[in-house]
A.B. asks: 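Please find one structure pasted underneath; my questions will follow.
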Amino acid sequence: MAFIDTLRELGVVAVIRGASADAAVAMGEALVRGGLRGIEITYSTPDCCLAIRRLRTAQPTACVGVGTVMTIEQLQAAVDAGATYAVSPHFDPELMASATLLRVPMLPGAITPTEVVQAWQAGATAIKLFPGSLVGPDYVRALKGPLPDIPLMPTGGVTLDNLPEWFAAGVVAVGMGGNLAKGTPAEVEAAARAVIARLAVARAGKGSSR
């Protein structure tokens, strides 16, 4: 299955910024128990690559990627650790070219139409619309008019309440961080279950905000 199809199937990517590798793995395991298999462990997590390797081993059904990738060296290290996709907050042509050579799906960050198109033409698998809180679902609808074939994954500003609105606007998936991956493992698992339930509502096209 192509990664874009996997991303569409996942619907939600949980963004983990752990205080340690142990904390990141514990959060990742709780998220998977709650039904969320799309996990992005960011480089702001200490020993990020160790956490990726450990989570891949502990949860082989999870789709574990790396986030906040800023350099080619970081990208290579994460791929070596087992990251199945990479996400960056920005678009860097050299980083994108390296991801292509490594055959790893890359989701660069972009916000303006120019950035979105440049990233897509450079080979991005999907575009991380970031920060999503700056624009909102109406912006996705506006972009989808002239750019209907470019898959967008907003990150930042996605909540349990507005998740259906994003999908109604036409996103392929969403990234969720602070609203999801925080608290005790039991709280994280419960939050994941709530998101999965809300995702089902979004996909069914029911409601707009509540």
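Quick note: residue numbers are just sequence positions, from 1. Everything quoted here is computed from the prediction, not taken from an experiment.
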A.B. asks: In sequence, state the C-alpha distance, the side-chain angles, and the governing distance for Val12 and Leu163, and then conclude on side-chain contact (heavy atoms from CB on, under 4.5 Å).
C.D. replies: CA-CA 10 Å; Val12 175; Leu163 190 145; 4.1 Å; yes
A.B. asks: For Leu180 and Val188, run side-chain contact (heavy atoms from CB on, under 4.5 Å): C-alpha distance rounded to whole Å, both residues' side-chain angles, the deciding distance at 0.1 Å, then the answer.
C.D. replies: CA-CA 7 Å; Leu180 181 60; Val188 171; 5.8 Å; no
A.B. asks: If you look at every heavy atom in Ser133 and Gly157, which pair is closest and at what distance?
C.D. replies: CB-CA, 3.8 Å
A.B. asks: Which value, rounded to the nearest 0.5 Å, describes the distance between Ile127 atom CD1 and Met153 atom CE?
C.D. replies: 10.5 Å
A.B. asks: For Thr114 and Thr112, test the side chains for any donor-to-acceptor distance below 3.5 angstrom and give the result as yes or no.
C.D. replies: no
A.B. asks: May I ask you to test the Leu129-Ile111 pair for a side-chain heavy-atom distance under 4.5 Å?
C.D. replies: yes
A.B. asks: What I'd like to find out is whether the side chain of Glu40 reaches to under 4.5 Å of the side chain of Tyr85, using heavy atoms alone.
C.D. replies: yes
A.B. asks: Give a yes or no on whether Met27 and Leu160 share a hydrophobic cluster (residues Ile, Leu, Val, Met, Phe, Trp, Tyr; joining criterion: side-chain heavy atoms under 4.5 Å apart).
C.D. replies: yes
A.B. asks: Is the backbone of Arg17 close enough, under 3.5 Å, to the side chain of Ser44 for a donor and an acceptor to pair up by distance?
C.D. replies: no
A.B. asks: Between Arg56 (side chain) and Gly82 (backbone), is there a donor-acceptor pair under 3.5 Å?
C.D. replies: yes
A.B. asks: Check whether Gln74 reaches the backbone of Met70 with its side chain - one donor and one acceptor, N or O, closer than 3.5 Å.
C.D. replies: yes
A.B. asks: Is there a side-chain contact between Lys128 and Ser88 (heavy atoms, below 4.5 Å)?
C.D. replies: no
A.B. asks: Are side-chain heavy atoms of Val116 and Leu152 found at a separation under 4.5 Å?
C.D. replies: yes
A.B. asks: Can you tell me how far the OG1 atom of Thr71 sits from the CD atom of Glu94, to the nearest 0.5 Å?
C.D. replies: 11.5 Å
A.B. asks: Is the closest side-chain heavy-atom distance between Glu115 and Phe91 below 4.5 Å?
C.D. replies: no
A.B. asks: Distance from Arg33 atom CZ to Arg193 atom CZ, nearest 0.5 Å?
C.D. replies: 9.0 Å
A.B. asks: As a quick check of understanding, evaluate side-chain contact (heavy atoms from CB on, under 4.5 Å) for Ile39 and Val13, giving each step before the final call.
C.D. replies: CA-CA 6 Å; Ile39 310 292; Val13 173; over 6 Å; no
A.B. asks: Quick check: closest heavy atoms across Thr125 and Phe3, and the distance to 0.1 Å?
C.D. replies: CG2-CD2, 3.8 Å
A.B. asks: In the single-linkage hydrophobic clustering (I, L, V, M, F, W, Y; side-chain heavy atoms under 4.5 Å), do Val171 and Val117 co-cluster?
C.D. replies: yes
A.B. asks: Any chance you could measure Cys48, atom SG, to Arg53, atom CZ, to the nearest 0.5 Å?
C.D. replies: 11.5 Å
A.B. asks: Quick check: do Leu95 and His90 have side-chain heavy atoms less than 4.5 Å from each other?
C.D. replies: yes
A.B. asks: Determine the minimum heavy-atom distance between Ala122 and Met96, stating which atoms define it.
C.D. replies: O-CG, 3.5 Å
A.B. asks: Please lay out, stage by stage, how Leu36 and Ile196 fare under the test side-chain contact (heavy atoms from CB on, under 4.5 Å).
C.D. replies: CA-CA 7 Å; Leu36 281 176; Ile196 288 295; 3.6 Å; yes
A.B. asks: Out of curiosity, Met176 CE to Thr159 OG1, how far, rounded to the nearest 0.5 Å?
C.D. replies: 6.5 Å
A.B. asks: In Å and rounded to the nearest 0.5 Å, what is the CG to CG distance from Leu7 to Leu107?
C.D. replies: 6.0 Å
A.B. asks: Closest approach of Tyr139 and Pro113, non-hydrogen atoms and distance?
C.D. replies: OH-CD, 3.4 Å
A.B. asks: After noting the C-alpha distance and the side-chain angles of Arg141 and Glu165, does the key distance pass the salt bridge (charged side-chain N to carboxylate O under 4.0 Å, His left out) rule?
C.D. replies: CA-CA 10 Å; Arg141 290 188 183 91; Glu165 296 178 25; over 6 Å; no
A.B. asks: So do the side chains of Arg198 and Val201 get within less than 4.5 Å of each other, counting heavy atoms only?
C.D. replies: yes
A.B. asks: Are Ile72 and Val87 connected, step by step, through hydrophobic side chains (Ile, Leu, Val, Met, Phe, Trp, Tyr) whose heavy atoms are closer than 4.5 Å?
C.D. replies: no
A.B. asks: With heavy-atom distances below 4.5 Å as the criterion, would you say the side chains of Ile16 and Leu31 are in contact?
C.D. replies: yes
A.B. asks: Is it the case that the side chain of Thr45 and the backbone of Ile41 share a donor-acceptor pair, with hydrogens and angles ignored and the cut-off at 3.5 Å?
C.D. replies: no
A.B. asks: Are Val15 and Val195 connected into the same hydrophobic cluster when the rule is that any two of I, L, V, M, F, W, Y join if their side-chain heavy atoms are below 4.5 Å apart?
C.D. replies: no
A.B. asks: What I want to find out is whether Glu29 reaches Arg54 closely enough, with some N-O distance under 4.0 Å, to be called a salt bridge.
C.D. replies: no
A.B. asks: Kindly give the heavy-atom pair with the smallest separation between Ala169 and Pro137, and that separation in Å.
C.D. replies: CB-O, 3.4 Å
A.B. asks: If you compare all heavy atoms of Leu10 against all heavy atoms of Arg203, which two are closest, and at what distance to 0.1 Å?
C.D. replies: C-NH2, 3.7 Å
A.B. asks: Same cluster or not: are Trp166 and Leu143 linked, directly or through other Ile, Leu, Val, Met, Phe, Trp or Tyr residues, by side-chain heavy atoms under 4.5 angstrom apart?
C.D. replies: yes
